[in-house]
Asks: 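Sending over a structure as structure tokens; questions will come in a sec.
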Amino acid sequence: MKEPSLPGTSLQRACRLLVAFCALHLSATLLYYLAGSALGPPRSPEPPLRRPPPANASQLLSRQTPPTDARTRPRPRPQPVSPSPPLPLPPGPCPEPSPLLVGALHVEFSQPVNLEEVARINSEVKDGGRFAPKDCKALQKVAIIIPFRNREEHLKYWLYYLHPILQRQQLDYGVYVINQDGEEEFNRAKLLNIGFTEALKEYDYDCFVFSDVDLIPMDDRNTYKCYSQPRHLSVSMDKFGFRLPYNQYFGGVSALSKEQFTKINGFPNNYWGWGGEDDDIYNRLVFKGMGISRPDAVIGKCRMIRHSRDRKNEPNPERFDRIAHTRETMGSDGLNSLSYKVLRTDKYPLYTKITVDIGSPKS
Ligand code: UDP
Ligand code: MN
């Protein structure tokens, strides 16, 4: 039996057709959209480069910006503009003088020092007593060399006071304590030669500061770095009434560049016991045509921790005779005749300790 043709039937059919057409259109649009986003550029920017940009950094940069020719894109489509992060540039040179300096400092030795606390306060100092400023490139790479035997208490004060100062001076530095092994007569200058040699095996230092363990600067403007002439830093010591004991005095703390140090064949190896080696060094510098650079008497103020004469560091009776012959001896006594044995190297949080066998006056 034939159904009676209702008047709404054709209308229903037309509606179904319309719905089907709409669905088709929608899915086509969706397909097209999905295909488009698969071909498009990544939405998230590339991670920033960690290394300083190479010479062709501009090419790298331009690669991150969209191409100008729209025809190269599958379909022009408005994109959310994600600005490419700027490439980190290598830090520029540290300003001079360092803006972190504070000037005169209060220095005293009444409170005992806890090294663990000193290490905590100086958390930026790396193992072995190494530091470099993060935000700028240090002007110099400085190895600080300390001649040492049995002065643990003094070393604690030195580390407590010097690490914050050296960081404020924005130096790329390392601290090397050269520890004389055994009971032989002490030999300060030979230990300093060893410090120079050993530090250079570790890093490309360009400046060497030689410091007694018991001397603390009283002003952080007295920068522990090198100058065009060899530098004497401890010019105004409390034990000498804040004056130079004599004009040629070069003891305590001094700074020589690698070139200045090698030019004089380093320091003498033959001064056993106390005294004379600093005057020999002064002679060497003068004989090689160099002069002494110094801070003024205010900036150059420093304190020495009071102490009595150490065992096996009695005044050397040969010193007067030796300093009278520097000119003849300096060519054959120094870096070119240095012999020693490293017994052990200890990396502590605030310094590197190198224990050495340096022989004896007879050997
Ligand atoms: N020194 C040391 N142990 C010694 C003798 C000397 O560590 O037994 C080191 C230490 O760094 C000291 C430096 O050599 O500061 C110079 O010796 P001293 O302090 O006796 O000389 P002075 O006080 O007369 O300048
Ligand atoms: Mn001393």
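This is a predicted model, so every value here is computed, not measured. Note that ligands are numbered from 1 as they come in the structure, with each ligand's atoms numbered from 1 the same way.
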Asks: Applying side chain to side chain contact (heavy atoms under 4.5 Å, CB included) to L244 and R294, what does each step give before you reach the verdict?
Replies: CA-CA 11 Å; L244 274 178; R294 289 191 170 112; 3.6 Å; yes
Asks: For atom 23 (O) of ligand 1, what is the closest protein heavy atom, and at what distance to 0.1 Å?
Replies: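 Going by distance alone, atom 23 (O) of ligand 1 is nearest to H307 NE2, 3.1 Å.
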Asks: Looking at ligand 1, does any of its N/O atoms fall within less than 3.5 Å of an N/O of S211?
Replies: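 In fact, backbone or side chain, S211 has no N or O that close.
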Asks: Looking at ligand 1, does any of its N/O atoms fall within less than 3.5 Å of an N/O of R149?
Replies: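 Looking only at distances, the answer is yes, because the N/O contact criterion of under 3.5 Å is met.
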Asks: Describe, in one word, how the ring planes of Y249 and F240 are oriented to each other, choosing from parallel (under 30°), tilted (30 to 60°) and perpendicular (over 60°).
Replies: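 Correct class here is perpendicular.
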Asks: Between D238 and M304 (side chain of the first, backbone of the second, donor and acceptor by atom type, cut-off under 3.5 Å), is there such a pair?
Replies: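 Flag set: sc D238 to bb M304 pair under 3.5 Å.
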Asks: Report the member of R151, E152, R188 with the shortest heavy-atom distance to atom 18 (P) of ligand 1.
Replies: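 The nearest heavy atom belongs to R151.
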Asks: When clusters are formed from ILVMFWY side-chain contacts under 4.5 Å, directly or step by step, what else is grouped with Y271?
Replies: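 Members other than Y271 - counting any ILVMFWY side chain reachable under 4.5 Å - are I323.
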Asks: I need the single residue from D346, L191, I178, I145 that forms a side chain to side chain contact (heavy atoms under 4.5 Å, CB included) with I354. Which is it?
Replies: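 That would be I178.
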Asks: Which protein non-hydrogen atom lies closest to atom 5 (C) of ligand 1, naming both residue and atom, and how far is it?
Replies: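 Going by distance alone, atom 5 (C) of ligand 1 is nearest to D310 OD2, 3.2 Å.
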Asks: Which of the atoms of ligand 1 are close to K239, meaning less than 4.0 Å from one of its heavy atoms?
Replies: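 That gives atoms 22 (P), 23 (O), 24 (O), 25 (O) of ligand 1.
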Asks: Closer than 4.0 Å to some heavy atom of P147 - which atoms of ligand 1 meet that?
Replies: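 By the 4.0 Å cutoff, the relevant atoms are 7 (O), 9 (C), 10 (C), 11 (O).
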Asks: Hey, is there an N, O or S on D214 sitting under 2.8 Å from the Mn ion (ligand 2)?
Replies: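 Yes.
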Asks: Counting from 1, what ligand 1 atoms have a heavy atom of R309 closer than 4.0 Å?
Replies: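 What qualifies from ligand 1 is 24 (O).
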Asks: Which residue from V253, L155, D278, D212 reaches closest to atom 16 (C) of ligand 1 through any of its heavy atoms?
Replies: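 Ranked by closest heavy atom to atom 16 (C) of ligand 1, first place is D212.
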Asks: Who passes ring-ring contact (aromatic ring centres under 6.0 Å, His included) against Y176, sequence neighbours left out?
Replies: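 Result, ring-ring contact (aromatic ring centres under 6.0 Å, His included) vs Y176: Y205.
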Asks: Against the six-membered ring of F242, is K301 placed for a cation-pi contact (under 6.0 Å from the centre, within 45° of the normal)?
Replies: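 Yes, K301 sits over the ring of F242.
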Asks: I'd like to know if Q180 contacts ligand 1, where contact means a heavy-atom distance under 4.0 Å to any ligand atom.
Replies: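 Judged by the 4.0 Å heavy-atom criterion, Q180 does not count as contacting ligand 1.
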Asks: Could you list the atoms of ligand 1 found under 4.0 angstrom from a heavy atom of M304?
Replies: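 Checking each atom against M304, I get 23 (O).
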Asks: Going by the atom numbers of ligand 1, which of them fall below 4.0 Å from some non-hydrogen atom of W274?
Replies: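 Heavy-atom distances to W274 below 4.0 Å select 21 (O), 22 (P), 24 (O).
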Asks: Check for me whether N150 has a heavy atom closer than 4.0 Å to any atom of ligand 1.
Replies: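 No.
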Asks: With only distance considered, is R311 within less than 3.5 Å of ligand 1 through an N or O on each side?
Replies: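 No; every N/O pair is 3.5 Å or more apart.
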Asks: So which protein heavy atom does atom 14 (O) of ligand 1 come closest to, and at what separation?
Replies: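 I find the closest protein heavy atom is F186 CE2, 3.4 Å.
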Asks: So among Y227, F210, F250, which one has a ring pair (Phe, Tyr, Trp, His ring centres under 6.0 Å) with H232?
Replies: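 Per the ring pair (Phe, Tyr, Trp, His ring centres under 6.0 Å) rule, the option paired with H232 is F250, out of Y227, F210, F250.
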